[in-house]
A.B. asks: 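Provided herewith is a single structure, encoded as structure tokens, for subsequent inquiry.
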Number of protein chains: 2
Amino acid sequence: MPESATRRRVRSLPPPRRVRRPRARAGDPGSRGRLFAAASAEFARHGFAGANVDRIAAAARVNKAMIYYHFASKLALYQEILGDMFHAVAGRVRDVAASDALPDDKLKRFVEAIADEAEARPHFPPIWFREIAEGGTHLSDQTLKDVASVVQMLVSILQEGVRQRRFRPVNPILVHAGIVGPLLLFFASGPLRLRLQRAGIPAAAAVAREDVVGYVQRVSLGVLHGTL
Amino acid sequence: MPESATRRRVRSLPPPRRVRRPRARAGDPGSRGRLFAAASAEFARHGFAGANVDRIAAAARVNKAMIYYHFASKLALYQEILGDMFHAVAGRVRDVAASDALPDDKLKRFVEAIADEAEARPHFPPIWFREIAEGGTHLSDQTLKDVASVVQMLVSILQEGVRQRRFRPVNPILVHAGIVGPLLLFFASGPLRLRLQRAGIPAAAAVAREDVVGYVQRVSLGVLHGTL
DNA sequence: GTCTATAAATAGATAGAC
DNA sequence: GTCTATCTATTTATAGAC
């Protein structure tokens with residue numbers, strides 16, 4: 001099993017993080033950046049186990065050995081991608097929660113932040129879906145904290161709304177599922193919806209980002225306001 | 001690449017479906033049934049590419065060669081599991097849509113049908129998540145039709161509601177995402193929510209099925225009634 | 001229907017030259 | 001930083017005896 005051998009290696013060796021990387025000119029991602037991008041696409045399409053390092057190298061137009069020059073292993077590469085994603089999402093969400101907007105507005109922006117990140121990194125939703133399916137097996141401790149912080153920020157937005165008597169108390173996990181579930185499903189299901197459209201569902205692929213964002217915002221605020 | 005070799009074989013050979021299988025006594029699933037169950041768990045946990053036929057055989061307590069006695073290939077086994085899942089869901093949903101209940105009630109039962117199936121087959125949500133992430137690559141034509149029919153049944157329920165002036169016209173894809181997204185996320189995220197709970201989110205794992213079903217029902221009907 | 005043994009192919013990872 | 005060549009382990013799948 002190559003994966004367990006990989007893990008062993010990751011545990012025993014500290015990651016050789018270079019503080020300043022060569023070739024960091026703007027416009028030229030360099031081999032490391034190209035590998036990172038190519039690997040994101042590969043992991044999204046095939047999952048961690050199904051991803052192939054040869055394909056990653058080919059797509060990045062670099063030699064396979066470069067993967068192991070820049071990253072400790074296939075797993076380390078994957079984990080760096082996961083970490084990058086959730087660090088970005090957690091940062092965005094933290095900013096929203098820390099702003100001085102009203103709870104209603106914060107919730108709307110929370111929804112937009114998730115949608116923005118999902119759109120900016122098209123590989124995020126499929127990868128996140130798979131990671132959920134796998135119980136978050138590949139999440140490092142730090143990344144798990146970032147994931148938790150996203151939920152935690154939503155909790156504090158809801159609490160603030162309740163304190164200000166603008167929100168009714170609703171289980172945050174439900175609100176979270178009501179927001180993240182539809183958003184991820186929408187952004188991850190593009191290719192499948194296209195196939196469904198061809199299979200006889202007329203409007204399956206004809207939904208815009210704003211429709212989904214608006215739907216989720218209306219629905220969540222409706223529940224929190226007690227309109228439902 | 002073992003997968004492409006597998007596909008070639010599946011295309012060239014017609015599936016050897018036995019009309020009456022030996023050992024179909026109640027209570028004894030037989031080697032075929034045990035393999036089916038073990039494979040479902042394995043595919044849910046590791047995905048198609050990550051699934052291992054040796055582990056499947058071991059979990060089913062049968063010899064590995066039995067997999068290839070009962071099924072044409074790893075892919076064929078996976079596709080049979082996919083087909084079984086969606087055939088069951090499509091059947092349930094079709095019954096709901098064909099009943100003479102009011103549109104409101106049909107929608108509630110639609111939500112319950114999805115939740116029932118997700119609960120009855122715990123491996124369904126993770127497998128479905130992965131299949132979505134992969135664009136439905138492994139879905140056979142027949143199974144794709146079953147998937148489409150689930151959406152189609154929801155469309156007809158919504159149309160009926162509009163005709164009876166009980167529902168406002170809302171994009172069915174949005175309603176579908178608003179129902180299936182949260183439900184699948186909830187049922188697929190059990191293990192991850194447990195980890196989040198340990199990582200400091202108190203109530204992450206403490207949500208009951210009825211909470212989610214009720215939440216989704218309220219929210220969807222709220223949108224359709226125009227209360228939002 | 002079930003088992004042993006093994007073929008055949010692939011994948012992750014590394015050594016070492018440049 | 002980059003490349004060639006290769007090692008090693010694993011994996012799907014099958015042949016063939018019982």
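Chain letters run A, B, ... following the sequence lines, proteins first and then strands; every chain starts at 1.
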A.B. asks: I need the CG-C1' distance between L35(A) and dT2(D), as an integer number of Å.
C.D. replies: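 For the pair L35(A) CG and dT2(D) C1', the rounded distance is 12 Å.
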A.B. asks: Output the rounded distance in Å from CG (L75(A)) to P (dA11(C)).
C.D. replies: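 Taking atom P of dA11(C) as the reference, CG of L75(A) is at 18 Å.
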A.B. asks: Is any NZ, NE, NH1 or NH2 atom of the basic residue among R130(B) and E134(B) found under 4.0 Å from an Asp or Glu carboxylate oxygen of the other?
C.D. replies: no
A.B. asks: Measure the distance from CD on E42(B) to P on dT11(D) and round it to the nearest whole Å.
C.D. replies: 10 Å
A.B. asks: Which of the following nucleotides, dT14(D), dT2(D), dT2(C), is nearest to the side chain of Y68(B)?
C.D. replies: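 Closest nucleotide to the Y68(B) side chain: dT14(D).
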A.B. asks: Within this structure, what is the NE2-to-P distance between H46(B) and dT11(D), rounded to whole angstrom?
C.D. replies: 11 Å
A.B. asks: With the criterion being N/O to N/O and under 3.5 Å, what pairs connect the protein with nucleotides 4-7 of chain C, and how long is each?
C.D. replies:
{"unit_1": "dT4(C)", "atom_1": "OP2", "unit_2": "N63(B)", "atom_2": "ND2", "d": "3.4"}

A.B. asks: Are F124(A) and F86(A) an aromatic pair, judged by ring center distance below 6.0 Å?
C.D. replies: yes
A.B. asks: With rounding to the nearest 0.5 angstrom, report the CZ to CZ distance, R109(B) to R92(B).
C.D. replies: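 Here the interatomic distance stands at 10.0 Å.
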A.B. asks: Within this structure, what is the CD1-to-P distance between I67(A) and dG12(C), rounded to whole angstrom?
C.D. replies: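 That distance rounds to 8 Å.
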A.B. asks: Looking across every strand, which nucleic acid part, if any, lies under 4.0 Å from N52(A) by heavy atom: base, sugar-phosphate, or nothing?
C.D. replies: sugar-phosphate
A.B. asks: Take the protein atom NZ of K74(B) and the nucleotide atom C1' of dT10(D), then report the distance between them rounded to whole Å.
C.D. replies: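 Value for this atom pair: 12 Å.
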A.B. asks: For the pair made of CZ in R61(A) and P in dT2(D), what is the distance, rounded to whole Å?
C.D. replies: 12 Å
A.B. asks: Do F186(B) and D211(B) have side chains that get closer than 4.5 Å, going by heavy atoms?
C.D. replies: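 No, too far: nothing below the 4.5 Å cut-off.
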A.B. asks: Without hydrogens or angle criteria, can the side chains of E131(A) and Y78(A) be said to hold a donor-acceptor pair below 3.5 Å?
C.D. replies: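 Side-chain D/A pair, E131(A) to Y78(A): present.
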A.B. asks: Would you indicate what A57(B) reaches in the nucleic acid, counting non-hydrogen atoms under 4.0 angstrom: base, sugar-phosphate, or nothing?
C.D. replies: nothing
A.B. asks: Which residues pass the side chain to side chain contact (heavy atoms under 4.5 Å, CB included) test with A38(B), not counting sequence neighbours?
C.D. replies: I56(B), A59(B), A60(B)
A.B. asks: Tell me whether the OP1 or OP2 atom of dG12(C) has a side-chain N or O from S73(A) closer than 4.0 Å.
C.D. replies: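 So the side chain of S73(A) is outside the cut-off, no N or O lying under 4.0 Å from OP1 or OP2 of dG12(C).
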A.B. asks: Quickly work out the F71(B) CZ to dG1(C) P distance and round it to whole Å.
C.D. replies: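 Between P of dG1(C) and CZ of F71(B): 12 Å.
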A.B. asks: What about F48(A) and H138(A), are their ring centers closer than 6.0 Å?
C.D. replies: yes
